[in-house]
Structure formats: structure tokens, C-alpha cells
*Asks:* 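I am attaching a structure below and will ask some questions about it afterwards.
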Amino acid sequence: MLNINKEVNGNNLTVSLEGRLDTTTAPELDGELKAALEGRTELIMDMEKLEYISSAGLRVLLSAQKIMNKQGSMVVRNASDEVKEIFEVTGFLDILTVE
């Protein structure tokens with residue numbers, strides 16, 4: 001299960017994720033992001049309450065990063081040690097901006 005909370009502030013979009021980002025929930029997040037990113041110059045992914053991310057979830061982040069590379073910036077915040085370790089092992093620390 002994944003809860004997705006979106007908060008828009010001008011051109012900035014903050015997406016807070018709670019639960020598990022896996023093959024079941026990744027398509028939902030992908031759809032919501034693609035619909036919400038138009039015209040946004042900053043995307044903040046708040047992962048404070050994200051328990052798990054799978055390769056399907058990583059693909060969604062990569063897709064969002066590619067969109068934001070063209071129109072602004074994307075930052076990942078508050079990722080747990082477990083999620084950061086997945087980023088590290090998969091090389092995503094080199095692709096994403098993780099704070």
C-alpha cells in the first residue's frame with residue numbers, strides 16, 4: 001500500500017510518500033507524477049515515511065528525474081537508511097539529488 005500526498009506551492013510540487021513503492025503501487029505514482037509535473041520547476045520527493053522501494057519504484061523516480069531535468073530540478077528528501085542503501089547499491093545516488 002502507498003499513500004501519495006501532493007502539495008503544490010507555485011511552481012513547486014512536493015510529493016510525500018508513505019508505505020511501499022513497488023510493482024503494485026509504482027504505476028499509480030507514475031500516473032500521478034506525469035499528470036502533476038507539467039509547468040513545475042521544482043519537484044521534492046519526501047520519503048520520510050517510505051518503507052520500501054523496488055526496481056519498479058526506482059524506474060518511476062528515474063522517469064520523473066528525466067522530466068525534471070528538462071524543466072527544473074528534483075530533490076529526494078528524508079529517505080530512510082534502507083532506502084538510501086537501495087539508491088547506493090543501484091547507482092541512483094549518482095542520478096538523483098538526495099538530501
Side-chain angles (χ1 to χ4, degrees):
M1 171 136 172
L2 180 71
N3 289 327
I4 303 167
N5 295 306
K6 295 188 300 248
E7 188 180 316
V8 175
N9 183 356
N11 290 332
N12 297 358
L13 172 65
T14 301
V15 178
S16 302
L17 303 175
E18 181 178 351
R20 294 173 63 85
L21 180 51
D22 53 28
T23 48
T24 312
T25 57
E28 180 190 356
L29 177 61
D30 194 43
E32 293 220 14
L33 281 176
K34 285 188 171 134
L37 285 180
E38 194 166 324
R40 306 276 171 241
T41 54
E42 185 178 12
L43 172 61
I44 297 163
M45 301 292 295
D46 187 335
M47 300 192 171
E48 185 177 2
K49 296 179 179 168
L50 187 69
E51 296 158 17
Y52 172 80
I53 186 167
S54 74
S55 58
L58 291 172
R59 281 195 293 276
V60 174
L61 291 184
L62 185 60
S63 171
Q65 181 69 63
K66 284 180 177 168
I67 292 168
M68 293 312 296
N69 282 346
K70 294 177 188 151
Q71 61 193 51
S73 64
M74 174 174 138
V75 177
V76 174
R77 290 202 177 134
N78 305 320
S80 68
D81 288 343
E82 291 84 357
V83 170
K84 279 185 183 161
E85 190 176 324
I86 292 168
F87 288 161
E88 191 175 344
V89 169
T90 55
F92 269 67
L93 281 182
D94 298 331
I95 301 167
L96 304 174
T97 304
V98 181
E99 292 182 350

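Start at 1 with the first residue, then count along the sequence. From a predicted model like this one, the values you see are computed outputs, not experimental measurements.
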*Asks:* Ignoring hydrogens, what is the shortest heavy-atom contact between Leu37 and Leu13? Give both atom names and the distance.
*Replies:* CD2-CD2, 3.9 Å

*Asks:* How many angstroms lie between CD1 in Ile86 and OG in Ser80, if you round to the nearest 0.5 Å?
*Replies:* 7.5 Å

*Asks:* Please round to the nearest 0.5 Å and tell me the distance separating atom CE of Met1 and atom CD of Glu51.
*Replies:* 10.5 Å

*Asks:* How long is the gap from CG on Asn78 to NZ on Lys84, to the nearest 0.5 Å?
*Replies:* 8.0 Å

*Asks:* For the residue pair Leu43 and Ile67, establish whether any side-chain heavy-atom pair is separated by less than 4.5 Å.
*Replies:* no

*Asks:* With rounding to the nearest 0.5 angstrom, report the CE to CD1 distance, Met74 to Ile95.
*Replies:* 10.0 Å

*Asks:* With the 4.5 Å side-chain cut-off for hydrophobic clustering, are Leu93 and Leu50 part of the same group?
*Replies:* yes

*Asks:* Are Val89 and Val83 connected in the hydrophobic side-chain network, where two residues link if heavy atoms are under 4.5 Å apart?
*Replies:* no

*Asks:* So how far is it from Met68 CE to Glu42 CD, rounded to the nearest 0.5 Å?
*Replies:* 7.5 Å

*Asks:* Mind checking whether Ser63 and Asp30 have side chains closer than 4.5 Å, heavy atoms only?
*Replies:* yes

*Asks:* Is the count of non-hydrogen atoms from other residues, nucleotides or ligands lying under 6.0 Å from Glu32 atom CD greater than 12?
*Replies:* yes

*Asks:* Do Tyr52 and Leu58 land in one hydrophobic cluster if side-chain heavy atoms of ILVMFWY residues count as linked below 4.5 Å?
*Replies:* no

*Asks:* Give the cluster check for Met47 versus Leu62: same hydrophobic cluster or not, with ILVMFWY residues linked at side-chain heavy-atom distances below 4.5 Å.
*Replies:* yes

*Asks:* Report yes or no: do Ile4 and Met45 belong to one cluster of Ile/Leu/Val/Met/Phe/Trp/Tyr joined by side chain heavy-atom distances under 4.5 Å?
*Replies:* yes

*Asks:* Please report the closest heavy-atom contact between Thr25 and Asp22, naming both atoms and the distance.
*Replies:* OG1-N, 3.0 Å

*Asks:* Which heavy atom of Glu28 sits nearest to which heavy atom of Leu2, and what is that distance?
*Replies:* OE1-O, 4.5 Å

*Asks:* Please report the shortest heavy-atom distance between Gln71 and Arg40, naming the atom on each side.
*Replies:* NE2-O, 3.0 Å

*Asks:* For a side-chain contact (heavy atoms from CB on, under 4.5 Å) with Leu17, tell me which candidate from Leu29, Asp46, Ile53, Asn3 qualifies.
*Replies:* Leu29

*Asks:* For Gly39 and Asn11, which heavy atoms make the closest approach, and how far apart are they?
*Replies:* O-OD1, 3.7 Å

*Asks:* Any non-hydrogen side-chain atom of Lys49 less than 4.5 Å from a side-chain atom of Asn5?
*Replies:* no

*Asks:* Write down the atom of Leu21, the atom of Gly57, and the distance for their closest heavy-atom approach.
*Replies:* CG-CA, 3.5 Å

*Asks:* Do the side chains of Phe92 and Val98 get nearer than 4.5 Å, heavy atoms only?
*Replies:* no

*Asks:* Within a 6.0 Å radius of atom CD on Glu38, are there more than 12 heavy atoms belonging to other residues, nucleotides or ligands?
*Replies:* no

